[in-house]
Amino acid sequence: MFLAEAELSKKVKEVMGGNDVACAVAFWGRGAEELLPSAQGQAPRVICNVTLGGTNPSTLQKLSSIHGDQLRHHVNLHAKVYISDKGLVVGSANASDNGIGLTGAKAALVEAGSFYEANTGPWRDALDWFNLAFASSPVVDEKAIAIASRTWMPPRTPGRGQAAVPGSLFSLVCAQPNAFSDIGFVFVDEVNDREVLEDLIAKEAQEGGQNGPGWALHSSFLNWGKDEVASWPAHFFEFWLKGTPRVYAYETIKTVLDDDEGHVLGAKRWDAMVKRLSSRDVRLPSQSSVANADLKLAKLLHGGESRVFRNGFELVDAINHLEKQSS
């Protein structure tokens, strides 16, 4: 049976909700892990591709934590094959918003494929092929996830302008996320608590005094979650959204973890960030240009609470999510 667009998406989701799911699908986008929890019977078996830039590393991490050694990867995989006791779908659609419409919206791309009933000749042939491929494919481990992080090229919503917006940092990140793979983005609109800062200074003095720059009101990031601080980026941009919006570039000097929270001391380093990005063939606009060009989107990314994105990939994910919501 030939299927296209919405009919194909519906059939893929139906098959993925069956028993004994087995799928060799090259690329997995944001939210694709939600396709699998409803699967019954034998644990779902998945083969993906981590080298060609189409698999979201955040999704891969979630899939790995849920499915363990049932998640495999193949360096040359480009197939899109979905199998369960509810049938077989073979087509062009990846497990992504663009491919099948994961967030409930219509898939962004025009996809087509074929459906075969379970226990038919094509279904058995596909399952035999999958079993051989699965047995010969390595488990997705931390090394594989690191490869996916390096190669990840976040999709842009089709039909949206992709040319660089003059003065926009976000436009640069979306165009070249790999150049920002170790650079974070922090969105803040709350003034630091002076008492917390004074406690940090006093504690540091008790422990033998400061080593390097000391805690300061306007270069500290206080009362963040422990997990956020534990993975805080070594270099990052701050979008200050209270009063007159401003943007700064920082180098992380030190972090402190308390029982429930964490704190970060940074040092402003705009010129150093310019040089860092220049070495990657990225020309950073001026601070005032970025503040003006990206203010509206920065407020949407902030969403009413302080947030940190650890790298350009996470930021582009969030931007794509906002675009999807507004389309």
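Only a predicted model underlies this, so the values are computations on that prediction, with no experimental measurement involved. Sequential numbering from 1 along the given sequence is applied to the chain's residues.
- A donor-acceptor contact shorter than 3.5 Å is absent between the side chain of K254 and the backbone of T252.
- For the pair T55 (side chain) and N49 (backbone), a donor-acceptor distance under 3.5 Å is present.
- Proximity of a side-chain donor or acceptor of S84 to a complementary backbone N or O of V21 within less than 3.5 Å is not detected.
- The two atoms that bring V282 and A179 nearest to each other are CG2-CB, 3.7 Å, heavy atoms only.
- Of all heavy-atom pairs between G29 and T59, the closest is O-OG1, 2.9 Å.
- For S181 and N311, the side-chain atoms include no donor-acceptor pair closer than 3.5 Å.
- Contact between S58 and D317 at its shortest, heavy atoms only, is OG-OD2, 4.4 Å.
- Placement of L88 and F134 within a single hydrophobic cluster is found when ILVMFWY residues are connected by side-chain heavy-atom separations under 4.5 Å, directly or transitively.
- In this structure, Q61 and E142 have side chains that are in contact, with non-hydrogen atoms separated by less than 4.5 Å.
- Taking the six-membered ring where tryptophan is involved, the planes of F221 and F236 are perpendicular, since the angle between them exceeds 60° and thus also 30°.
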| Do K13 and M16 pass the side chain to side chain contact (heavy atoms under 4.5 Å, CB included) test, and can you show the C-alpha distance, the side-chain angles, and the key distance before you say yes or no? | CA-CA 5 Å; K13 294 172 183 177; M16 294 292 277; 5.6 Å; no

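- Here the side chains of W224 and V308 are in contact, with some heavy-atom distance below 4.5 Å.
- Clustering ILVMFWY residues whenever any of their side-chain heavy atoms sit less than 4.5 angstrom apart, transitively, puts L315 in the very cluster that holds L300.
- Using a distance-only test at 3.5 Å, with no hydrogens or angles considered, no donor-acceptor pair links the side chain of S220 to the main chain of L222.
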| task | Applying side chain to side chain contact (heavy atoms under 4.5 Å, CB included), run through F313 and N56 and close with a yes or a no. | result | CA-CA 9 Å; F313 302 124; N56 184 315; over 6 Å; no

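- Under the 4.5 Å side-chain contact rule for hydrophobic residues, V15 and V46 share a cluster.
- Within the 4.5 Å cutoff, the side chain of R307 has no heavy atoms near those of the V186 side chain.
- Contact annotation: the side chain of V173 approaches that of F185 to within less than 4.5 Å [non-hydrogen atoms, C-beta and beyond].
- A 4.5 Å side-chain heavy-atom check between N192 and V196 finds every atom pair outside the cut-off.
- Aromatic rings from F170 and F239 are positioned such that their centres are separated by under 6.0 Å.
- Annotation: side chain of V81 is in contact with side chain of W129 (closest heavy-atom distance under 4.5 Å).
- When Y248, F309, F237 are each tested for a ring-ring contact (aromatic ring centres under 6.0 Å, His included) with F187, only one passes: F309.
- Between the D69 side chain and the V139 main chain, no donor and acceptor come within less than 3.5 Å of each other.
- Salt bridge K11/E14: present, at least one basic N to carboxylate O contact under 4.0 Å.
- Linking ILVMFWY side-chain heavy atoms closer than 4.5 Å, directly or via other members, places I83 and F27 in two distinct hydrophobic clusters.
- Checked by atom type, the side-chain pair D193/N223 shows no donor-acceptor distance below 3.5 Å.
- Using a 4.5 Å heavy-atom threshold, the side chains of L241 and L295 count as touching.
- Residues passing the salt bridge (charged side-chain N to carboxylate O under 4.0 Å, His left out) test with R280 are D182, sequence neighbours excluded.
- With hydrogens and angles ignored, the 3.5 Å screen pairs no side-chain donor or acceptor of S278 with any backbone N or O of V274.
- Following chains of ILVMFWY side-chain contacts shorter than 4.5 Å, one cannot reach V12 starting from V90, and the two form parts of different hydrophobic clusters.
- Closest approach of P57 and S149 over heavy atoms only: CB-OG, 3.3 Å.
- Judged purely by atom type and a 3.5 angstrom limit, Q287 uses its side chain to pair as donor or acceptor with the backbone of V247.
- Although no hydrogens or angles enter the test, the distance criterion places no donor-acceptor pair under 3.5 Å between the side chain of Q70 and the main chain of H67.
- With hydrogens and angles ignored, the 3.5 Å screen pairs no side-chain donor or acceptor of T255 with any backbone N or O of V229.
- Note: R45 CZ to S137 OG = 11.0 Å, rounded to the nearest 0.5 Å.
- Within the 4.5 Å cutoff, side-chain heavy atoms of S219 are placed close to those of L265.
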